Amino acid sequence: MSDQEVSNKQVALKNYVTGFPKEGDMQIITTNTIKLRVPEGTKDAVLVKNLYLSCDPYMRERMSASDGGFPSFELGKPLTGYGVAKILDSTHPNYKKGDLAWGFTGWEEYSLIVSPQILIKIEHTDVPLSYYTGILGMPGMTAYAGFYEICTPKKGEYVYISAASGAVGQIVGQFAKLSGCYVVGSAGSKEKVDLLKNKFGFDEAFNYKEEPDLTAALKRYFPEGIDIYFENVGGKMLDAVLANMRTLGRIAACGMISQYNLEKHEGVHNLALIVWKQIRMQGFLAASYYHLYPKFLEMALPYIKHGKIVYVEDKAEGLETGPTSLLSLFTGQNVGKKLLVVARE
């Protein structure tokens, strides 16, 4: 075990946020020193070096003073989120020095994780390690659980995905195509629309910013209606989708990014259609499905290795880029899965 002491750079929350977050709501701080070992007498703990950190939209909710949803970040403390890390020291029976793992960690160079609730050992290193922040991590499990477990797709069904070029949407679209469905996605730029059609194999895609009437746009792309909607956006988009759903349609509510920065959330006007059309809409969190992770890997790894599924990442170098990178999710500047490269293995 090393007694080496090093400084530890961190991204911390400076102020609780209302409305749209700013870079100044976060700060880069460097703690004096951290010992690269688990403190004496601390059981079931790991000391890790963070390699990659994941920027995820749900983190915006944690930047507000708690309203009963996700627990708020602590002011002056590092943000926490999903990442890929290397174990430097361990008193936990499941991990040893040199192991790689993905799961919940701090937005800092080194983290001490005691009794890790969500930390999964990485057994397959013949794919890019950064994939464990994305397609082989929480976003991949989100896509898998939402699409297969909640939406139970059947061949030939009509599938619509909003925010379709993001970390989760790009995977759902490819799962849907592999299941024999007709798939349409929406995104916020021509570049992203081209990606959906030319790289991810969507049947159709459109830029929602160019559609003054979303209900009419969806009617154009789905003259027969929508069987499955993978919901990432909420608000006006959800209203337009409800008007275009088919009887017995399914909606997996994964996120509602259009609402996260609003001080007053928008209402949904077409909710009564859930009754008349017998639509099932279910919200879910990936963490409730992690028991299926081995089953998911069994399916996803061969698809990735044989090029049946492709994954686009948007990498930023260094912890210093953390605040800008996280905010880019809410302005649509990211293309694909946004992540920070903190260190090389």
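Computed from heavy atoms alone, side chains included, the values below leave out hydrogens, waters and symmetry copies. All values derive from a computational prediction rather than experimental measurement. Residue numbers count from 1 along this sequence.
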Are the side chains of [X] and [Y] in touch, meaning some heavy atoms are under 4.5 Å apart?
X: Tyr182; Y: Asp227; value: no
X: Val184; Y: Phe202; value: no
X: Thr105; Y: Ile113; value: yes
X: Arg250; Y: Ile150; value: no
X: Val342; Y: Leu51; value: no
X: Ile34; Y: Leu47; value: yes
X: Leu79; Y: Arg62; value: no
X: Val335; Y: Ser165; value: no

Would you compute the distance between atom [atom1] of [X] and atom [atom2] of [Y] and round it to the nearest 0.5 angstrom?
X: Tyr290; Y: Ile120; atom1: OH; atom2: CD1; answer: 6.5 Å
X: Thr133; Y: Glu313; atom1: OG1; atom2: CD; answer: 6.0 Å
X: Ile135; Y: Ile171; atom1: CD1; atom2: CD1; answer: 4.5 Å
X: Phe222; Y: Arg246; atom1: CZ; atom2: CZ; answer: 10.5 Å
X: Cys55; Y: Lys337; atom1: SG; atom2: NZ; answer: 6.5 Å
X: Ile87; Y: Leu119; atom1: CD1; atom2: CG; answer: 5.5 Å

Closest heavy-atom pair and its distance - [X], [Y]:
X: Val183; Y: Ala176; value: CG2-CB, 3.4 Å
X: Ser179; Y: Phe147; value: OG-CE2, 3.8 Å
X: Asp314; Y: Gln333; value: OD2-O, 4.1 Å
X: Leu53; Y: Gly106; value: CD2-O, 3.6 Å
X: Gln170; Y: Gln174; value: O-NE2, 3.0 Å
X: Cys254; Y: Thr142; value: SG-CG2, 3.4 Å

Taking [X] for the side chain and [Y] for the main chain, is one N or O donor matched with an acceptor at less than 3.5 Å?
X: Glu317; Y: Lys315; answer: no
X: Asp56; Y: Tyr58; answer: no
X: Asp25; Y: Lys22; answer: yes
X: Thr91; Y: Asp44; answer: yes
X: Asn334; Y: Gly336; answer: yes
X: Asn244; Y: Thr215; answer: yes
X: Glu109; Y: Lys9; answer: yes
X: Asn8; Y: Tyr110; answer: yes
X: Ser90; Y: Tyr95; answer: yes
X: Tyr311; Y: Ala167; answer: yes

Is it true that, when you exclude [X] itself, more than 12 heavy atoms of the residues, nucleotides or ligands shown sit nearer than 6.0 Å to its [atom1]?
X: Lys190; atom1: NZ; result: no
X: Lys177; atom1: NZ; result: yes
X: His306; atom1: NE2; result: no
X: Lys308; atom1: NZ; result: no
X: Lys14; atom1: NZ; result: no
X: Glu149; atom1: CD; result: yes

Exercise. Carefully, step by step, assess Thr152 and Arg280 under the rule side chain to side chain contact (heavy atoms under 4.5 Å, CB included).
Key: CA-CA 11 Å; Thr152 55; Arg280 179 163 56 83; 4.1 Å; yes

Quiz item: Do the rings of Tyr160 and Phe206 sit parallel, tilted or perpendicular, given the 30° and 60° boundaries?
Solution: parallel

Exercise. Could you check whether the rings of Tyr289 and Phe284 sit parallel, tilted or perpendicular, using 30° and 60° as the cut-offs?
Key: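 The arrangement is perpendicular - the two ring planes meet at more than 60°.
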
Taking a hydrophobic cluster as the set of Ile, Leu, Val, Met, Phe, Trp and Tyr residues connected by side-chain heavy atoms closer than 4.5 Å, whether directly or through intermediates, do [X] and [Y] fall within one such cluster?
X: Tyr221; Y: Phe230; answer: yes
X: Val275; Y: Val268; answer: yes
X: Tyr229; Y: Val168; answer: yes
X: Val48; Y: Val114; answer: no
X: Phe104; Y: Leu319; answer: yes

Quiz prompt | Val11 vs Ile28, side chain to side chain contact (heavy atoms under 4.5 Å, CB included): CA-CA, chis, key distance, verdict | solution = CA-CA 5 Å; Val11 180; Ile28 310 295; 3.8 Å; yes

Practice problem: Among Glu266, His269, Met281, find the one that has a side-chain contact (heavy atoms from CB on, under 4.5 Å) with Leu238. | Solution: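 By the side-chain contact (heavy atoms from CB on, under 4.5 Å) criterion, Leu238 pairs with just one of Glu266, His269, Met281: Met281.
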
Quiz item: So, for Phe175 and Tyr148, is the gap between ring centers shorter than 6.0 Å?
Solution: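 Yes, they do, as the ring centres are separated by less than 6.0 Å.
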
Practice problem: Would you please indicate yes or no on a ring centroid separation below 6.0 angstrom for Trp107 and Phe73? | Solution: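 That pair fails the under 6.0 Å test.
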
Quiz item: Got a sec, which residues hit side-chain contact (heavy atoms from CB on, under 4.5 Å) with Lys277, two or more places apart in sequence or on another chain?
Solution: Met245, Leu273, Ile279

Quiz prompt | side chain to side chain contact (heavy atoms under 4.5 Å, CB included) between Leu129 and Ile122, intermediate numbers included | solution = CA-CA 9 Å; Leu129 265 186; Ile122 294 172; 4.0 Å; yes

Practice problem: Starting from the C-alpha separation in whole Å, work towards a yes-or-no answer on salt bridge (charged side-chain N to carboxylate O under 4.0 Å, His left out) for Lys96 and Asp99. | Solution: CA-CA 6 Å; Lys96 64 180 191 304; Asp99 282 348; 3.1 Å; yes

Exercise. List the steps and the verdict of side chain to side chain contact (heavy atoms under 4.5 Å, CB included) for Leu329 and Arg60.
Key: CA-CA 10 Å; Leu329 297 176; Arg60 167 62 189 85; over 6 Å; no

